[in-house]
Number of protein chains: 2
Amino acid sequence: MTDDDHGALAPEQLGAYFALMEAVSLLQHAVEQQLRTEGDLSWVQFQLLARLAGVPGRQLTMTALADGVVYSRSGLTYQAAQLEKAGLVTRDPSPDDERATLVTITPAGLERVATVLPGHIQVARHLLFDPLTDGDLHHLGDIMTRVRDHMRAQPPRSAAPRKRRSPSPDGCQATG
Amino acid sequence: MTDDDHGALAPEQLGAYFALMEAVSLLQHAVEQQLRTEGDLSWVQFQLLARLAGVPGRQLTMTALADGVVYSRSGLTYQAAQLEKAGLVTRDPSPDDERATLVTITPAGLERVATVLPGHIQVARHLLFDPLTDGDLHHLGDIMTRVRDHMRAQPPRSAAPRKRRSPSPDGCQATG
DNA sequence: TATTGTTATACTCTATAACTATA
DNA sequence: TATAGTTATAGAGTATAACAATA
């Protein structure tokens, strides 16, 4: 436990935090509905495809693909398998490193992203950008880019091989 | 006004959008780990408890409790049952409306929120506030509050026939 | 009939651990 | 030994539909 920064947040901080979380929660839900309805994709799957679509060569190793999107190896394997079943990506062994799997987006995958993107953007516009001025938007982008880079630089709490979680104070979910 | 908004987003908009989504995704993941580790709570469960803790009388009907959080009815029933099993809330029929269920946070529930809040705040501070100036924070709170209120006022987009609450300027206070 | 909430059920997704194969 | 990925498995969470009870 680091003791260098306990103490309560100012009410304004707490308000900003909860407003942020709730707004993004609402946005995520709307976006997930749009992706599911118009493209039969989850938000995670869309992120993976979008990442592949935006990369030169349009392929990444599993590890590189997982970065920032999925928090366990098996989770990515599952999602990659789903995408492969749907014909949106292929998986092949890397020629450089026989351990690695190269995930490549297919033409169908690119098409799916293209299909889904306009509606996706429209949802973001309606819910996020409409109530914002250009100045707000600029500041928001600046702030969140800094926050994101800061977070990515933090020691990942889940990627590291972690032991069991500490004993819980009281069982919240009784099994069954 | 549904035809004045097709076309692509400016790159800056897209960048702000993705930075926002990724940063919050990272933040949510960190926060969920903290809540699970220190309080055996999911983010959703924490939100429900915090909401109950911040309301006069410390009880709400299921519908009121769900409102603002994007749930199906059955999803809330499930979560309420989990919280009840853990002794953090009680469920009783409302005297005013025999159809309604009043969910009340217990002393143990309040204690759990109090237990979890300091670490929760610390995570938010480390990941979200550390890289921000006071000005950033103020602007972020202002922006996201506006965005949240805007989203809440939106009609559900091809969603199930769910009742939305009239927009009330209710801040999400998690007072311990 | 409309509304409030629960139950039954099926499904998606995630995480841990054990495993294989390569570096 | 360490790294890359898969598989087995378990369980949390969600959504839809059918249901009962009250307004």
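Every value quoted in this text rests on a predicted model; they were computed, and no experiment measured them.
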### Query
For DNA chain D, whose closest nucleotide is more 5', that of A/R73 or that of B/P95?
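Between the two, 5'-proximity favours A/R73.
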
Nearest to the side chain of [X], heavy atoms from C-beta on, is which of [options]?
X	options	result
B/T77	D/dA23, C/dT7, D/dT14	C/dT7
A/T63	D/dG5, D/dT14, C/dT22	D/dG5
A/D97	D/dG5, C/dA23, D/dT22	C/dA23
B/R99	C/dC13, D/dA2, C/dA2	C/dA2

#### Entry: Basic-acidic side-chain contact under 4.0 Å: B/D40, B/R112
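Salt bridge flag = no for B/R112 with B/D40.
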
Considering every strand and a 4.0 Å limit on heavy-atom distances, what is the contact class for [X]: base, sugar-phosphate, or nothing?
X	result
A/V44	sugar-phosphate
B/T101	sugar-phosphate
B/S94	nothing
B/Q79	sugar-phosphate
A/Q45	sugar-phosphate

Please write out each protein N/O paired with an N/O of nucleotides 8-11 of chain C under 3.5 Å, distance rounded to 0.1 Å.
none

### Task
Determine whether the side chains of B/S25 and A/Y71 contain a donor N or O and an acceptor N or O closer than 3.5 Å.
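The criterion, which ignores hydrogens and geometry beyond distance, is satisfied for A/Y71 and B/S25.
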
### Message
Just so I know, are the side chains of A/L128 and B/L20 near enough to count as touching, which here means a heavy-atom distance under 4.5 Å?
### Response
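Side chain of A/L128 against side chain of B/L20, heavy atoms only: contact under 4.5 Å found.
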
### Task
Could you list the residues that satisfy side-chain hydrogen bond (donor to acceptor under 3.5 Å, both in side chains) with B/E84, not counting sequence neighbours?
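side-chain hydrogen bond (donor to acceptor under 3.5 Å, both in side chains) check on B/E84 returns B/R91.
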
